[in-house]
Amino acid sequence: MRLLYIGDVVGRSGREAVLDRLGELRARLRLDAIVINGENAAAGFGITRKICDAFFEVGCDVITTGNHVWDQRELVGTIDAEPRLVRPANMIPGTPGRGLAAVTTAAGHRLVVIQVMCRLFMAPGLDDPFRTLADLLRPVVLGGNADAILVDLHGEATSEKMALGHFVDGRVSLVAGTHTHVPTADAQVLPGGTAYITDVGMSGDYDSVIGMEKAISIGRFTSSIPAGRLAPASGEATLCAVLVETDPATGLARRIAPVRVGGRLQGAFPESDEP
């Protein structure tokens with residue numbers, strides 16, 4: 001199975017990069033499944049049902065979110081109606097939505113996507129992500145009732161993400177970090193067969209401060225006077241993702257490779273998939 005996971009989509013430029021390039025990437029990479037983190041897709045803050053529908057229309061199978069999931073208030077009343085949209089599973093019990101999506105892709109693969117939010121430097125009131133993952137994975141068997149399992153770790157601290165990756169090594173296909181909007185260089189297959197990267201990076205304009213206009217962001221660091229509302233940078237976006245190829249018998253990873261296309265960052269593409 002060949003799975004593409006696209007990092008945090010930020011604003012219009014990030015959306016356009018995904019919508020414009022996904023068809024080409026599906027063909028060139030021979031993709032069986034696509035998962036997108038869309039939590040910053042609506043003007044940098046949250047996601048709307050309309051944007052979700054646009055991603056689904058171009059072939060996305062599941063969308064994950066994060067700490068900005070409720071920034072677009074319409075989602076509070078609509079998220080329960082969309083089983084392919086995932087919010088962090090370790091939010092307070094009773095929160096709308098779900099932390100796990102189980103879908104059958106167009107290629108016939110059984111894909112499970114789980115998201116948890118890390119606790120270091122993040123929102124208060126979160127349940128233990130380690131225990132949450134253990135509970136959610138108990139009935140899901142990689143290579144049994146799931147052909148692939150992807151875990152999105154939405155968090156700040158690299159140490160916490162790495163610990164969670166090793167915690168589920170051998171039980172899932174991919175552990176991918178999101179939230180910091182900066183791609184890390186540690187894509188690897190862990191000893192137990194789980195593909196891992198600490199942060200996929202954002203899909204947005206990198207002539208920015210983590211996707212936001214530079215002047216306003218700098219003003220917030222250099223003055224005690226409020227510098228105005230943050231707004232997404234609008235230049236050409238770099239689409240940041242990882243490609244994971246899994247073993248059809250076990251669901252474990254054979255390889256993981258960064259994918260970076262367009263914009264300011266140096267491009268990256270799996271060598272064997274170059275045209």
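Throughout, numbering of the chain's residues begins at 1 and tracks the sequence.
Side-chain atoms of V103 and V112, non-hydrogen and from C-beta on, never get closer than 4.5 Å to each other. For the pair D127/R131, a side-chain contact is recorded, criterion being any heavy-atom separation below 4.5 Å from C-beta on. No side-chain heavy atom of L111 sits less than 4.5 Å from a side-chain heavy atom of D147. Two residues are said to be in side-chain contact when any heavy atoms from C-beta on lie closer than 4.5 Å; E245 and P270 fail this criterion. Annotation: side chain of L22 is in contact with side chain of I34 (closest heavy-atom distance under 4.5 Å). The side-chain heavy atoms of F269 and R28, taken from C-beta on, include a pair separated by under 4.5 Å. Residues F167 and P129 fail the side-chain proximity criterion, which asks for heavy atoms closer than 4.5 Å. The shortest distance between side-chain heavy atoms of E236 and Y206 does not fall below 4.5 Å.
Residues V58 and L29 fall within the same hydrophobic cluster, defined by Ile, Leu, Val, Met, Phe, Trp and Tyr side chains chained together at heavy-atom separations under 4.5 Å. V113 and M91 end up in different hydrophobic clusters when Ile, Leu, Val, Met, Phe, Trp and Tyr side chains are linked at under 4.5 Å. Cluster annotation: L230 is not connected to V209 through the hydrophobic network of ILVMFWY side chains, with a link wherever side-chain heavy atoms come within less than 4.5 Å. The hydrophobic cluster containing L100 does not contain V62, counting ILVMFWY residues as joined when their side-chain heavy atoms lie under 4.5 angstrom apart, directly or transitively. Under the 4.5 Å side-chain heavy-atom criterion for grouping Ile, Leu, Val, Met, Phe, Trp and Tyr, L133 is not connected to Y5 through any hydrophobic cluster.
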**OP:** For side chain to side chain contact (heavy atoms under 4.5 Å, CB included), just list the numbers for V10 and D205, CA-CA rounded to whole Å, side-chain angles, deciding distance to a tenth of an Å, and then say yes or no.
**Re:** CA-CA 8 Å; V10 180; D205 177 9; over 6 Å; no
Subject >> Verdict with reasoning, D32 to R2, per salt bridge (charged side-chain N to carboxylate O under 4.0 Å, His left out) >> reply: CA-CA 5 Å; D32 298 304; R2 295 168 67 88; 5.8 Å; no
**OP:** Go through the steps for L243 and L31 under the test side chain to side chain contact (heavy atoms under 4.5 Å, CB included), then give the verdict.
**Re:** CA-CA 9 Å; L243 171 71; L31 297 175; 3.7 Å; yes
**OP:** Given side chain to side chain contact (heavy atoms under 4.5 Å, CB included), test I47 with C52 step by step and report yes or no.
**Re:** CA-CA 7 Å; I47 191 168; C52 289; 3.7 Å; yes
**OP:** Walk me through it: do R171 and L142 pass the test side chain to side chain contact (heavy atoms under 4.5 Å, CB included)?
**Re:** CA-CA 6 Å; R171 290 186 281 174; L142 189 62; over 6 Å; no
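Among the candidates L164, V175, L190, the single residue satisfying the side-chain contact (heavy atoms from CB on, under 4.5 Å) test with D169 is L190. Looking at V35, V151, T132, T64 one by one, the single match for side-chain contact (heavy atoms from CB on, under 4.5 Å) with Q115 turns out to be T64. For the side chain to side chain donor-acceptor pair (under 3.5 Å) with H154, the lone residue among R87, H179, H68 that qualifies is H179.
Of the inter-residue distances, the one linking L153 atom CG with T198 atom OG1 reads 9.0 Å to the nearest 0.5 angstrom. A distance of 14.0 Å separates CZ of R98 from CD1 of I114, quoted to the nearest 0.5 Å. Note that CE of M162 and OG1 of T158 are 5.5 Å apart. Values are rounded to the nearest 0.5 Å. Atoms CG and CG, from L239 and L25 in turn, are 6.0 Å apart once rounded to the nearest 0.5 Å. The structure places OG of S208 at 4.0 Å from CE of M202, a figure rounded to the nearest 0.5 Å. Annotation: the span from L174 atom CG to D152 atom CG amounts to 9.0 Å, rounded to 0.5 Å.
A cation-pi arrangement is absent between R15 and F55, since the terminal nitrogen or guanidinium carbon is not both under 6.0 Å from the aromatic centre and inside a 45° cone about the axis. Geometrically, R119 does not engage F130 in a cation-pi contact defined by less than 6.0 Å to the ring centre and at most 45° from the axis.
A donor-acceptor distance shorter than 3.5 angstrom exists from the side chain of N145 to the backbone of P139, with no hydrogens or angles considered. Although no hydrogens or angles enter the test, the distance criterion places a donor-acceptor pair under 3.5 Å between the side chain of N37 and the main chain of T65. Formation of a donor-acceptor pair under 3.5 Å by the S217 side chain with backbone atoms of E213 is found in this model. Distance alone, capped at 3.5 Å, is enough to place a donor-acceptor pair between the E39 side chain and the N67 backbone. A donor-acceptor contact shorter than 3.5 Å is absent between the side chain of E156 and the backbone of L120. Here the side chain of T194 pairs a donor or acceptor atom with the backbone of V172 at under 3.5 angstrom. A distance-only check finds no donor-acceptor pair linking the side chain of T104 to the backbone of G108 [under 3.5 Å]. Looking only at distances, a side-chain donor or acceptor of T238 sits under 3.5 Å from a matching main-chain atom of G262. Remark: side-chain polar atoms of R255 are not paired, donor with acceptor, to backbone N or O of V244 under 3.5 angstrom.
Classified by interplanar angle (parallel below 30°, tilted 30° to 60°, perpendicular above 60°), the ring pair Y196/H166 is parallel.
For the pair I149 and A146, the tightest heavy-atom approach, listed with the atom from each and the gap, is CG1-CB, 3.9 Å. Of all heavy-atom pairs spanning D80 and G97, the tightest one is OD1-N, 2.8 Å. Minimum interatomic distance between H181 and I210 (heavy atoms only, all atoms of both residues): ND1-O, 3.0 Å. Minimum interatomic distance between A237 and A17 (heavy atoms only, all atoms of both residues): CB-CB, 3.9 Å. Between G170 and L252, the shortest heavy-atom distance links the atoms O-CD2, 3.7 Å. Considering every non-hydrogen atom in both P83 and A101, the closest pair reads O-CB, 3.4 Å.
Salt bridge present: D199 and K161 bring a charged side-chain N and a carboxylate O closer than 4.0 Å. The residues K214 and D207 are annotated as salt-bridged, a charged nitrogen and a carboxylate oxygen being separated by less than 4.0 angstrom. Salt bridge present: R138 and D135 bring a charged side-chain N and a carboxylate O closer than 4.0 Å.
For the salt bridge (Lys or Arg N to Asp or Glu O under 4.0 Å) test, residues two or more places apart in sequence or in another chain that qualify with R84 are E82.
Summarising the local packing, CZ of R12 is surrounded by 12 or fewer heavy atoms from other residues, nucleotides or ligands at distances under 6.0 Å.
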